[in-house]
2 protein chains.
Amino acid sequence: MATSGTPRRRSREDVAEMALQLLDEYGLPDLTMRNLATALGVQPSALYWHFPNKQALLAAVSARILAPLAELPIEDLGALGVHEAVRVLGARLRDCLLTYRDASELVSSSLSLGLVGSPVRPQLLEVARRHGVPDALSEVAAEVLVHFTVGYVFHEQQRRTADSLGLLDAPDSLNPEDAVAATSDGDSFAKALTMIADGLDVSVTRNAEPRA
Amino acid sequence: MATSGTPRRRSREDVAEMALQLLDEYGLPDLTMRNLATALGVQPSALYWHFPNKQALLAAVSARILAPLAELPIEDLGALGVHEAVRVLGARLRDCLLTYRDASELVSSSLSLGLVGSPVRPQLLEVARRHGVPDALSEVAAEVLVHFTVGYVFHEQQRRTADSLGLLDAPDSLNPEDAVAATSDGDSFAKALTMIADGLDVSVTRNAEPRA
DNA sequence: ACCTGAACACCGTTCAAGT
DNA sequence: ACCTGAACACCGTTCAAGT
């Protein structure tokens, strides 16, 4: 891994990086193969040499978005209890998603399609193992954590761009009181993480008896 | 509200109903305005008399999918504790989403866009109020519950249609062990609901001191 | 190995005009 | 009130052919 200096290995990563910039600047609906090709000074068909289809491209972009979390060394969480690990991982995931426009929508779909791995699962499992928590429990906690966080930030980001477009739609259909539900600040997010962590704590103390 | 018998009030609901059938039979990607118009024996442009755009149409379809939950009388949950209410509402929501193909993806987007209200919020708030739980807590619980459930079933349905297409993609990027994470049966879903309910219980007993 | 050029089979949406 | 006809401005993807 030290022999190759810079063997003209352009492209695949460059394409994903440019896609990420386009995403952040113009949003997911405008992240088209044609716009991306134009930004790269290339024909649309050229992109299909690097990626088999658009979804694979988007998966690569998702991986870039989640990279700070994937690269986070497990040792940085070593000192934490399981409860705190849940909260920290959730907050970090939210940070990653809030870094780029429409990131949560993109990641949500890549995640559901199984084209990208869970961004918190490996770390949470490792920390939990060190505290003697059975994997079955931390698997479930990881799933609750990632689904809630992505869904929450999805909502957060959609309202953000909707507001910036001046689109305030009157909720006509079912619940006229859901303007109240739109109180989605970072504070209620933190509360939710605590609730999830509490739920895991209870599961742990129920399933594994203490060493007394 | 009792004067009008059947004043030739066709259409808007019929369009949404047909859209729901197309969704279930051919999936979300094939639910196009053109296919829908053809199925109705009408020109595509005719749809724009009933709905301002496609997203509004999809919101109406989402409302139909969630109708069994919205129409669920609060009295049916009256006997339950808050803990059980969380689990029942989550399970019912999952049932609604599993009834139609790609329903979770559709509802996820309508929900994020704020075009449809939370399907569990009113009921959970009401039950929680009767047990003296502060609204702030049940709001958070409702949000965790709906985001997790929709996200979970999204994943569930995506893998379902992916399998039916014979698309088993090798997870190349980050975590080669996430084939293990794909163990998404209804059992782990139930475990997750319990964990969420536990988290709410802890919050309740922490914030509101017992009547002793 | 990497890209062009041109085409194929589609999209959502608008809008004058019909009845 | 409800729909047609025709157009506008796009999509993702394929594939022979170039270098």
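Not measured: the values here are computed from a predicted model. Every heavy atom of this structure was used, including side-chain atoms; hydrogens, water molecules and symmetry mates were not. In what follows, every chain begins at residue 1, and chains take the letters A, B, ... in the order their sequences are listed.
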Worksheet entry | Between D:dC10 and C:dA9 - P atom distance, rounded Å | 22 Å

Fill in: D:dC11 to C:dC8 separation - C1' atoms, rounded to the nearest Å
12 Å

Treating [X] as the side-chain partner and [Y] as the backbone partner, does any N or O pair qualify as donor plus acceptor under 3.5 Å?
X        : Y        : answer
B:His147 : A:Val153 : no
A:Ser112 : A:Ser109 : no
B:Gln157 : B:Tyr100 : yes
A:Ser104 : A:Phe154 : yes
A:Arg12  : A:His50  : yes
B:Asp14  : B:Ser11  : yes

Worksheet item: Nearest-Å distance, CZ (A:Arg12) to P (C:dA1)?
Response: 16 Å

Item to complete: Could you provide the dot-bracket string of DNA chain C, using ( ) for intrastrand pairs, [ ] for crossing pairs and | for bases paired to another strand, with Watson-Crick or G-U pairs below 3.5 Å?
Response: ||.|||||...|||||.||

Worksheet item: Taking only N and O in the side chain of B:His50, is any of them less than 4.0 Å away from OP1 or OP2 of D:dC3?
Response: yes

Fill in: Salt bridge present between A:Glu75 and A:Arg130 (N-O < 4.0 angstrom)
yes

Without placing hydrogens or testing angles, list every side-chain donor-acceptor pair under 3.5 Å for residues 26-41 of chain A, not counting sequence neighbours.
from, atom 1, to, atom 2, distance (Å)
A:Thr32, OG1, A:Asn35, N, 2.9
A:Thr32, OG1, A:Asn35, ND2, 3.3
A:Asn35, ND2, A:Asp30, O, 2.9
A:Thr38, OG1, A:Arg34, O, 2.9

Response to the item:
With sugar-phosphate taken as primed atoms, P, OP1 and OP2 and all else as base, the protein-contact string of nucleotides 4-19 of chain D at under 4.0 Å (heavy atoms; B, S, -) is BB-----BBBBB----

